[in-house]
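Read through the structure below, which is laid out as structure tokens, and then see the notes.
In the text below, chain A, chain B and the rest are named by the order of the sequence lines, each starting its count at 1. None of the values given here were measured: they were computed from a predicted structure. All heavy atoms count here, side chains included; hydrogens, waters and symmetry mates do not.
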2 protein chains.
Amino acid sequence: MGRATIHDVARVAGVSLSTVDRVLNGRETVRPGTRDRVEDAMRALNYVRNAAAANLARKRDFRFLFLLPGGQNTFMRMLEAEVGDYGQQFAADSVDIEVRTLPPFDAEALQSALKQIDPGSVSGVALVAVDTPGVRDAVRSLRAHGVPVVTLVSDLPSELREHFVGINNIWAGRTAASLLGRFCGRAAGHIAVVAGSTVLQDHAERYLGFQQVLSADFPHLVALPALEALDDAETAERLLSETLAQHDDIVGIYSLGAGNRGVVAAIDRLERSPPTVLHELTEYSRGWLLSGKIDAVIRQDPAREARSAIRTLVAMSNGKSFHRDENRVGIEIFLRDNLP
Amino acid sequence: MGRATIHDVARVAGVSLSTVDRVLNGRETVRPGTRDRVEDAMRALNYVRNAAAANLARKRDFRFLFLLPGGQNTFMRMLEAEVGDYGQQFAADSVDIEVRTLPPFDAEALQSALKQIDPGSVSGVALVAVDTPGVRDAVRSLRAHGVPVVTLVSDLPSELREHFVGINNIWAGRTAASLLGRFCGRAAGHIAVVAGSTVLQDHAERYLGFQQVLSADFPHLVALPALEALDDAETAERLLSETLAQHDDIVGIYSLGAGNRGVVAAIDRLERSPPTVLHELTEYSRGWLLSGKIDAVIRQDPAREARSAIRTLVAMSNGKSFHRDENRVGIEIFLRDNLP
DNA sequence: CGAAATATGATGTACGTTCGTCAAAACAGC
DNA sequence: GCTGTTTTGACGAACGTACATCATATTTCG
């Protein structure tokens, strides 16, 4: 009582194996009448192609290249680890994944890495995009050579890439504001915002979403201009400390980038720390949640993103559709009590 | 440049294909020296067994049985749908899933359904457990016959089942309290709690966790005794309305069970509605979040639970290890802004 | 009607693994 | 060194699909 095979389909449709194969893979012209008979048989038998056998016979070999920012950014390191991990698992499906790390925030490096890619030897590329004309151009050229490109975490204009794997950062910013706004209560004042760099689309979008909600729903709270800490802890600490010193009415802190060790260091020097929301769940932020130094963490799950990116690339290389829902990455909220 | 195959391993190890096979599948006795040579070769070549080919050759056919409570419970219906959905996807891997719904909370029905299972024709069972001696016994007997058993949503003592797929409800309750406590601000008063039935283990646990956090971190907030609404909307509306009329200092509402349409109906009649937290994301709760009638939803993702249960069963049937992390189900928090 | 064009069938090999059978080799004990 | 046991090798058939080649059947059109 196993599943139906193409043999069964052929038998039921009253045609040969070859014809079923032709219909199934759109190989040569098949007369409409014959095609219908085959398709009817497939429906009647509830035929599903055995993907395992198909890939085995195809002897497909995929090589995907992941371009990730290097440096200390914990999230990116987790993402790198997850991609490697998942690569192992997908190895069974003859998928080979190479991860290359590049200097962070370095558009030139990204651009030249993209240009060095030989379109013939790579079946797909995933990158954390830095949106500059040079990078756009390199991506365009890759795609022109038939290499699918997926953006990870930080996006490019949608016409440039096949797919984006990551969260909607405007909504992430909105979520942060909804949380922080409620956590702050009725007290009026300023919110200090620490960002990485405005060159990154995702950081700009988070700030935008944050302000949207703040001005609409919590007009007594005003976000200060984002501090550009370049994902560096020391810079973040310095800038935030300065700001905290300058303003005596800061009632909340939102850090939308990395370098959070600096943010917490600055908070630690305060007598009473205001409600604080950060991004990304690391061993540090987990500890800060548990110790009550911060109140909430917003994250995108690196494991999901890795999986989603690889699956998307595989699906695209197979010319198949893929479940959007399953591959969607959500905006997760963590408090002390729902840590994974 | 493809991946190494058993042929490569055999060549490098200087043994025959058969011997590699014997080592790989622990078939017959292989002398330790030979086994080592083979294992060294596998390591050297970074050999990974082609699971697709293996399953193809094995002609494995898995049949998993899911026993879920029937009835109106939206969450269970979503879970049922997801299991079916995922079953389709796994069909490619020759996994066949049958879902059987039983009268909800009916230990007798569950027990007899379990006893009717023919261990020979089923490779694994997942069930939403009702913990009674009869059910325990039926589960024990199934496992004794070599059928892996996974509990779903509601657990059994851990020595009885192979694995539990679901959330920790104490922590779910704690999460609710952490959110609601912060949302309520400094105002002192009571929190109204609506439950399904205190006889249900998971509801009791949520209430427990809720109170833990409330008394520890928000002592100015006091949870009223849980209203037993029996997951019925009308009952919930009546009980909650009564309570709201009796107490003029209710500053927050926590509904930890089903029947939330009634809860919201009661809130709707108030002039100013207090912060409200519910469980499970449905089309309704989603609407209430967007319209601002409620403030947060806590959920366990039915899609993840379905996937996780199936994956766990597949992995166990293959005698393979599985990624605990990947299969873990988290306690998710949704606000208006991070809805999926 | 017959030739050319088109559609279909028949057949075989391959993918990487499993599993069975049988023969050959290596080893043990005496 | 012979026998008996254990270990290994050689081979082949399957699993369900892909793909190529060649032969034959069917249609189309002048």
Side-chain angles (χ1 to χ4, degrees), chain A residues 1-39 41-42 45-62 90-96 317-320, chain B residues 1-39 41-42 45-62 90-96 317-320:
Chain A
M1 286 287 96
R3 322 207 75 76
T5 73
I6 46 174
H7 294 83
D8 302 319
V9 174
R11 189 168 33 72
V12 169
V15 300
S16 73
L17 259 178
S18 315
T19 302
V20 175
D21 180 54
R22 286 176 184 121
V23 170
L24 212 50
N25 298 297
R27 232 176 270 293
E28 299 153 65
T29 39
V30 175
R31 225 173 318 164
T34 320
R35 148 167 289 124
D36 286 348
R37 291 220 311 283
V38 172
E39 280 168 351
M42 297 202 298
L45 292 168
N46 192 21
Y47 169 78
V48 269
R49 178 208 238 106
N50 183 328
N55 280 329
L56 181 59
R58 283 207 182 95
K59 194 180 156 52
R60 285 238 168 106
D61 240 1
F62 297 122
F90 274 84
D93 300 326
S94 58
V95 170
D96 190 22
S317 304
N318 277 324
K320 286 195 181 174
Chain B
M1 280 276 89
R3 323 207 70 77
T5 72
I6 47 174
H7 295 85
D8 302 320
V9 174
R11 190 169 31 73
V12 169
V15 300
S16 74
L17 258 179
S18 316
T19 301
V20 176
D21 180 53
R22 290 191 255 257
V23 171
L24 212 48
N25 298 296
R27 234 176 267 292
E28 301 153 65
T29 39
V30 175
R31 224 173 318 166
T34 322
R35 149 167 286 122
D36 287 347
R37 290 219 313 281
V38 172
E39 280 167 350
M42 296 202 299
L45 292 169
N46 192 23
Y47 169 78
V48 271
R49 176 209 240 106
N50 183 329
N55 280 329
L56 182 58
R58 262 191 260 257
K59 194 179 159 50
R60 280 234 172 111
D61 242 0
F62 297 123
F90 274 86
D93 300 326
S94 58
V95 170
D96 191 23
S317 302
N318 277 324
K320 287 197 180 171

* Rounded to the nearest 0.5 Å, how far apart are CZ of A/Arg37 and OG1 of A/Thr19? -> 9.0 Å

* So, is B/Arg49 close to the C/dT18 phosphate, meaning a side-chain N or O under 4.0 Å from OP1 or OP2? -> yes

* So does A/Asn50 get a side-chain nitrogen or oxygen closer than 4.0 Å to the phosphate oxygens (OP1/OP2) of D/dT17? -> no

* Where each residue is assigned the nucleotide of DNA chain D containing its nearest heavy atom, which of B/Val20 and A/His7 is assigned the position nearer the 5′ end? -> B/Val20

* Asked: Of the nucleotides D/dT8, C/dT8, C/dT17, which one has an atom closest to the side chain of A/Thr19?
  -> C/dT8

* **A/Arg35 CZ to A/Thr29 OG1 distance, which is reported to the nearest 0.5 Å** => 9.0 Å

* Residues two or more places apart in sequence or in another chain: which of them pass side-chain hydrogen bond (donor to acceptor under 3.5 Å, both in side chains) with A/Asp36? -> none

* Asked: Which nucleotide sits closest to the side chain of B/Ser16: D/dT17, D/dC15, D/dA10?
  -> D/dA10

* Structure fact -> Between the CG atom in A/Asn50 and the OG1 atom in A/Thr5, the distance rounded to the nearest 0.5 Å is 9.5 Å

* Of A/Tyr47 and B/Val15, whose closest DNA chain D nucleotide lies nearer the 5' terminus? -> B/Val15

* Structure fact -> To the nearest 0.5 Å, atom OG1 of B/Thr34 lies from atom CD of B/Glu39 at 11.0 Å

* **Distance, rounded to the nearest Å, where A/Asn25 contributes CG and D/dT17 contributes P** => 10 Å

* To do: Take nucleotides 20-29 of chain C nucleotide by nucleotide from the 5' end and write B, S or -, depending on whether a protein heavy atom sits under 4.0 Å from the base, only from the sugar-phosphate, or from neither.
  => ------SS--

* **the helix from C/dC1-D/dG30 to C/dC30-D/dG1: angle between end helix axes, five pairs per end, rounded to 10 degrees** => 20°

* Of all heavy-atom pairs between B/Leu17 and B/Ala10, which one has the smallest distance, and what is that distance? -> N-CB, 4.0 Å

* To do: Counting heavy atoms from C-beta on, name the nucleotide in D/dA18, C/dT17, C/dG9 closest to the side chain of B/Ala53.
  => C/dT17

* Asked: Between A/Ala41 and A/Val9, which heavy-atom pair has the shortest distance, and what is it?
  -> CB-O, 3.8 Å

* To do: Establish, with yes or no, whether the OP1 or OP2 oxygen of D/dG16 is under 4.0 angstrom from a side-chain nitrogen or oxygen of A/Thr5.
  => no

* **Options D/dT7, C/dG9, C/dT17, nucleotide nearest the side-chain atoms of B/Thr34** => D/dT7

* To the nearest Å, how far apart are B/Asp36 CG and D/dT7 C1'? -> 15 Å

* What is the minimum heavy-atom distance between B/Ala13 and B/Val38, and which atoms define it? -> CB-CA, 3.9 Å

* Whole-Å distance between D/dT17 P and B/Leu56 CG? -> 9 Å

* Structure fact -> Against the side chain of A/Val30, the closest entry in C/dT8, C/dT18, D/dT17 is C/dT8

* To do: Using atom CG of A/Leu17 as one end and atom P of D/dG16 as the other, report the distance to the nearest whole Å.
  => 12 Å

* Length of the line joining A/Ile6:CD1 and D/dC15:P, which is rounded to integer Å -> 12 Å

* Asked: Could you walk me through whether A/Met42 and A/Leu24 pass the side-chain contact (heavy atoms from CB on, under 4.5 Å) check?
  -> CA-CA 10 Å; A/Met42 297 202 298; A/Leu24 212 50; 3.7 Å; yes

* In whole Å, what is the span from the CG atom of B/Leu24 to the P atom of D/dT8? -> 15 Å

* Structure fact -> OG (B/Ser16) and NE2 (B/His7) are apart, to the nearest 0.5 Å, by 11.0 Å

* What's the CG-P distance between B/Asp8 and C/dT17, to the nearest Å? -> 9 Å

